[in-house]
Amino acid sequence: MTAHPISETVASLMPRAKAELAELVAFRSVADPAQFPRSECEAAAGWVADALRAEDFQDVALLDTPDGTQSVYGYLPGPAGAPTVLLYAHYDVQPPLDEAAWLSPPFELTERDGRWFGRGAADCKGGFIMHLLALRALKANGGVPVSVKVIAEGSEEQGTGGLERYAEAHPELLAADTIVIGDTGNFRVGLPTVTATLRGMTMLRVQLDTLEGNLHSGQFGGAAPDALAAMIQLLASLRSADGTTTVDGLTTDAEWDGLQYPEGEFRKDAKVLDGVELIGTGTVADRIWARPAVTVIGIDCPPVVGATPSLQASARAQISLRVPPGQDAAEATELLTAHLVSHAPWGARISVEQVGQGQPFRADVTSPAYTSMAEAMRLAYPGEEMQTSGMGGSIPLCNTLASLYPQAEILLIGLSEPEAQIHAVNESVSPEELERLSVAEALFLRNYAESRKA
C-alpha cells in the first residue's frame, strides 16, 4: 500500500473491519426458510441498519420486498450540489452446503493462511464492510464529498427478484448519478478489475411422473418406465458429448474479445482434477463470459444409503441456465422449457416451474466514472492498471437499475476473486483485497466528486 492518507486510515481500520465482518458472518442469513429460520436474515438486516445509523445515515429503513425478504436502505447527504452515488451489497448468503467439509465452521469467521474464512466473507457481507471502510476513510480525511445511498439486498442469492420489484414500485428511492455494485471481484488477487458484463440467469424446476407409485424393479423393471431414468435421459439432452450446452434454439457460438483466461490458470482456479477435461469449445473466456451454460443444481432421488430395488414413480430436478449479454433471459426460459417438454422420454408426464430469472448486463466502460475508478485503482494497487473482464455470474438488479436510471453510470467491483471460492465450501476473503478495494472505492468517490465539478 502507498503512504496516501486514505490508505493509512483504511489500514488502521482493518482490525475493526475484521471484528465487524465476524459479527455479520455469524448470521445464518440464507434467504430460504426451508433451510434456516427467517429470523437469521432479519437479525442480519438489523445489524446492517444499525451500522448505517452509526455512520450518521438518515432515513435508514428495512424495506419489506415482495418476495418476503428485507432490503436495508440508508442515505448520507453530501455537500450541496454534490452528485449522488448508490453503493450496493447483499447480506444474504448461499447455504453452507456440506458443513462437515468446511475446515472451520462456516458461520464463524476464521483466519487461516492469510485469509478470512466464512460463508459470505467475500460474497457479499465483505462487500458491505468494504463500503463502510471507504466511507470511514473519507470521513477521517476531509469528509465524504458525495451524497451516498446504500442498499443492502436480502435475497440476491435466491434470485427471487424482491428488490427489483420494490425498486420498480419506488423508482425515486435508488436514483443516483453513479452506482457501485460491490458484488463482483478482481480477475486475480492483486489485479484491480472492473466487471464489464454479467450473464443473466433462469432457474427452472422440472418434474417427471411415469407411474402411480414405486414398483419392485425385479418384477416390473425392463418394461415399466422409471421416472428417475427418464430424468437422467432428459438432463443428458441439455449437453453434447463435449459438454457444450445444447438447448434447442439457443445460440452457443459467441466469442469474448476482451481479457482472456488462460486454460492453465482456469484449471487451477476451478481445482479441476488431473486428467479431467474441460467442457465445451472455444476459449475459456468464451465459455464462461460469452456463452450460455446449463447446470443441473439439484435432483430429488433416493440416497444410496437405504436405497431399495425399486422403480421410481416420480423424479424432480432444478436447472440453472446462465444467459450471456446479447440474449434475452425470458426468451431463453421459453427455449429451455420447450426443450425439456419436447425431450421428455417415453411420454413421461412433465411439469416445469420457473423459480427465478434475471437479465444479463453490459456496462458502458467508456463512461467518466470508469476513468475516475481507473485513477483510484492505480493508487490503491501500485504498479497495476485497472483491467476489464466479464463475469459468468448474475446480479439481476443491475438491469433493473439500468432501466430505471438510464443516465446513471454503473461500476462493478468486489471481493469475489477466484481464491474466494464463493458458493463453495471454505469460502474466504483476502484481507489485503478488502483493504485495497476499500482504498480504491474511497479514492474513486473523491475523484468522481472532483470530476463533476470540472
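The figures here come from the full heavy-atom set of this structure, side chains too, leaving out hydrogens, waters and symmetry mates.
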Could you tell me whether [X] and [Y] make a salt bridge, using a distance below 4.0 angstrom between a side-chain N and a carboxylate O?
| X | Y | answer |
| --- | --- | --- |
| Glu450 | Lys453 | yes |
| Arg188 | Glu419 | no |
| Glu385 | Arg378 | yes |
| Glu409 | Arg452 | no |
| Arg165 | Asp67 | no |

- Query: Stepwise, does the side-chain contact (heavy atoms from CB on, under 4.5 Å) test hold for Leu86 with Val180?
  - Reply: CA-CA 6 Å; Leu86 174 68; Val180 179; over 6 Å; no

Spell out, as yes or no, whether a donor-acceptor pair under 3.5 Å connects the side chain of [X] to the backbone of [Y].
| X | Y | result |
| --- | --- | --- |
| Arg199 | Gly393 | no |
| Lys139 | Glu55 | yes |
| His339 | Asp248 | yes |
| Glu164 | Thr160 | no |
| Ser104 | Trp102 | no |
| Lys149 | Leu173 | yes |
| Glu427 | Gly120 | yes |
| Thr333 | Ala329 | yes |
| Asp177 | Thr84 | yes |
| Ser389 | Thr195 | no |

Quick check on [X]: does its [atom1] atom have over 12 non-hydrogen neighbours (other residues, nucleotides or ligands) under 6.0 Å away?
| X | atom1 | answer |
| --- | --- | --- |
| Asp257 | CG | no |
| Glu277 | CD | no |
| Glu172 | CD | yes |

- Query: Is there any salt bridge (Lys or Arg N to Asp or Glu O under 4.0 Å) pair reaching into residues 351-373, and which pairs are they, with sequence neighbours excluded?
  - Reply: none

Which pairs would a plain distance check flag for residues 37-45, meaning a side-chain donor or acceptor within less than 3.5 Å of a matching protein atom at least two apart in sequence or in another chain?
{"from": "Arg38", "atom 1": "NE", "to": "Glu42", "atom 2": "OE2", "distance (Å)": "2.7"}
{"from": "Arg38", "atom 1": "NH1", "to": "Gly68", "atom 2": "O", "distance (Å)": "2.2"}
{"from": "Arg38", "atom 1": "NH2", "to": "Gly68", "atom 2": "O", "distance (Å)": "3.3"}
{"from": "Glu40", "atom 1": "OE1", "to": "Arg28", "atom 2": "N", "distance (Å)": "2.7"}

Side chains of [X] and [Y] in contact at under 4.5 Å (non-hydrogen atoms):
| X | Y | result |
| --- | --- | --- |
| Glu108 | Phe117 | no |
| Met391 | Leu412 | no |
| His4 | Leu443 | yes |
| Leu411 | Ile179 | no |
| Val150 | Tyr75 | no |
| Tyr73 | Leu163 | no |
| Pro145 | Leu138 | yes |

Going by distance alone, is a donor N or O of one side chain under 3.5 Å from an acceptor N or O of the other, for [X] and [Y]?
| X | Y | result |
| --- | --- | --- |
| Thr9 | Arg136 | no |
| Gln94 | Glu157 | yes |
| Asp92 | Gln158 | no |
| Tyr91 | Glu153 | no |

- Mutual orientation of the aromatic rings belonging to Phe444 and Tyr448 [parallel < 30°, tilted 30-60°, perpendicular > 60°]: parallel

- Could you please spell out the steps behind the side-chain contact (heavy atoms from CB on, under 4.5 Å) verdict for Ile181 and Ile410? CA-CA 7 Å; Ile181 304 291; Ile410 300 179; 4.0 Å; yes

Can you give the donor-acceptor pairs under 3.5 Å from side chains of residues 318-327 to other protein atoms, not counting sequence neighbours?
{"from": "Gln318", "atom 1": "OE1", "to": "Arg205", "atom 2": "NE", "distance (Å)": "2.5"}
{"from": "Arg322", "atom 1": "NH1", "to": "Ser394", "atom 2": "OG", "distance (Å)": "2.8"}
{"from": "Gln327", "atom 1": "NE2", "to": "Thr251", "atom 2": "O", "distance (Å)": "2.8"}

- Task: Could you give me the CA-CA distance, side-chain angles and deciding distance for Asp183 and His90, then say whether side-chain contact (heavy atoms from CB on, under 4.5 Å) is met?
- Result: CA-CA 8 Å; Asp183 192 25; His90 63 86; 3.2 Å; yes

- Message: Show, in sequence, the C-alpha distance, side-chain angles and deciding distance for Ile6 and Leu379, and conclude whether the side-chain contact (heavy atoms from CB on, under 4.5 Å) test is met.
- Response: CA-CA 10 Å; Ile6 292 287; Leu379 285 173; over 6 Å; no

